[in-house]
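In each ligand, atom 1 is the first atom listed, and ligand 1 is the first ligand listed.
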Amino acid sequence: MKSCIDVDFSMAALDPAAAAQLQGDLDSARKKLYSGNEAFTGWVSVAKRRDLAEIERMRVAAERIKTQCEALVVVGIGGSYLGARAAYEMLAGSFANERAAVERQPEGVRLYFAGQNISAAYHRELLEVLADRDICVCVISKSGTTAEPSIAFALLKDELVKRYGEKGAAERIYAVTDASRGVLREEADANGYESFIVPDDIGGRYSFLTPVGLLPLAAAGFDPEHFLDGAEAAMDDGSLMEQAGNYAVGRNVLYNAGKYIEVFEAYEPRFAYFSEWLKQLFGESEGKDGKGIFPASLAFTTDLHSMGQFLQDGTPCFFETILEECEPAAELVVPASAGPPLAGKRLGDVNRAALEGVAAAHRKAGVPLFRVAIREKISPQTFGQMVYFFETACALSAYMMDVCPFDQPGVEEYKREMRERL
Ligand code: PA5
């Protein structure tokens, strides 16, 4: 099956000899990833061997959430947060929560996010915003012990109990956590929360295609299977998987040539959290043992007016990966009052001219560029494809650097140091 993603390597200026030298590493990385012997590689086939009973349970829970509340607070951090937020913003738009339910496509509850920081101000403001709306809470933590979501969950639980009583609160809490370990699992079982499992063989940042990402989005009105369909299409598209490997090779060629930073760039504000998701995926997967490409992101054209100078003319320590939305979600025409050359042009065409112009200017300055084009309108299916493409490329690239893509010893270390201080 053909997916809708294409990678253009023509502006990456890769040294063919250096790329050829890495083919053996790519082959070994592929063998490892698909061997079935590596821990935490369950995400590779999660879309294909989908658990239909679990998906049905998610749909039923989502329908129940819709009858219970107008706002679902999704509590989680890192891999237990970014995928759902990225999808919600990309699919429901930058102003999803401000638009009336009937205007949003598709109809579902509004999603709010908590537990991704330790800010009293943020959580107080959130509780204020939610004061006059019925709420449910979806708490997501694989370990069940992470400080940030534990704090937010405790605050929100208090709020639920105050409003709905102990029993009512328990009926409004949905937990996504480990099958048998952790405080959250114990609490969910003891209190009868509706709960879903983060599979043992899938780590945080690779868990979007499990209830971690799919349950909140089901409540927001999206069908979980559509994301899985997209991931499966990507998996079955031999040419796309080939391109994922070539992208992994290209990244490593540039890294070996001293390009230590990858800047992800998108020209649509609704891609902002997808860039955040990418940063976590690549940063936590590759950044270890003194190695790794530092992932950064910029929102264009906004950041051209702050970072454009550096990109064009600053230290040549980076390469760029452009995320191109080929079918804009909406179209507007610039009114006549804007004058030439803008008047009468479609915004999509102006945005495209910016993308092409910036790419050409940066290329002239010697910056290597990858262009990842999404050729169909953004939908849950295309989102699933994007997730699967980047997860595959990232895992292969990390293996090629000879690091484990699936652990995060550095994250564990700071958590331990912080706990000591508490
Ligand atoms: O990718 C990861 O594993 C991490 O970013 C975790 O998702 C994050 O630390 C949250 O962990 P948990 O789901 O255990 O609360």
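Remark: among candidates V139, I202, T146, L82, the nearest residue to atom 12 (P) of ligand 1 is T146, based on non-hydrogen atoms. Across V176, V198, I77, heavy-atom proximity to atom 10 (C) of ligand 1 is greatest for I77. Relative to atom 13 (O) of ligand 1, the option among S80, G283, G144 with the closest non-hydrogen atom is S80.
Using a 4.0 Å cut-off to heavy atoms of K415, the atoms of ligand 1 that qualify are 9 (O), 11 (O). Less than 4.0 angstrom separates some heavy atom of R205 from each of these atoms of ligand 1: 1 (O), 2 (C), 3 (O). In the vicinity of Q280, heavy-atom distances shorter than 4.0 Å reach the ligand 1 atoms 1 (O), 2 (C), 4 (C), 5 (O).
Residues Q385 and S3 approach most closely at OE1-CB, 3.1 Å, considering heavy atoms.
The closest approach between any non-hydrogen atom of E148 and ligand 1 is not below 4.0 Å.
Among all non-hydrogen protein atoms, the one lying nearest atom 6 (C) of ligand 1 is G79 N, 3.9 Å. Atom 14 (O) of ligand 1 has S143 OG, 2.6 Å as its closest protein atom, hydrogens excluded (heavy atom only). In this structure, atom 2 (C) of ligand 1 lies nearest to the protein heavy atom E284 OE1, 3.3 Å.
Within the structure, ring-ring contact (aromatic ring centres under 6.0 Å, His included) pairs that include any residue of residues 131-158 do not occur (at least two apart or interchain).
Side-chain N or O atoms of N117 include one that pairs as donor or acceptor with a backbone N or O of S119 at under 3.5 Å.
Within 6.0 Å of the OH atom in Y164, the count of heavy atoms belonging to other residues, nucleotides or ligands exceeds 12.
Under a 4.0 Å N-O distance rule, the pair R49/D201 qualifies as a salt bridge.
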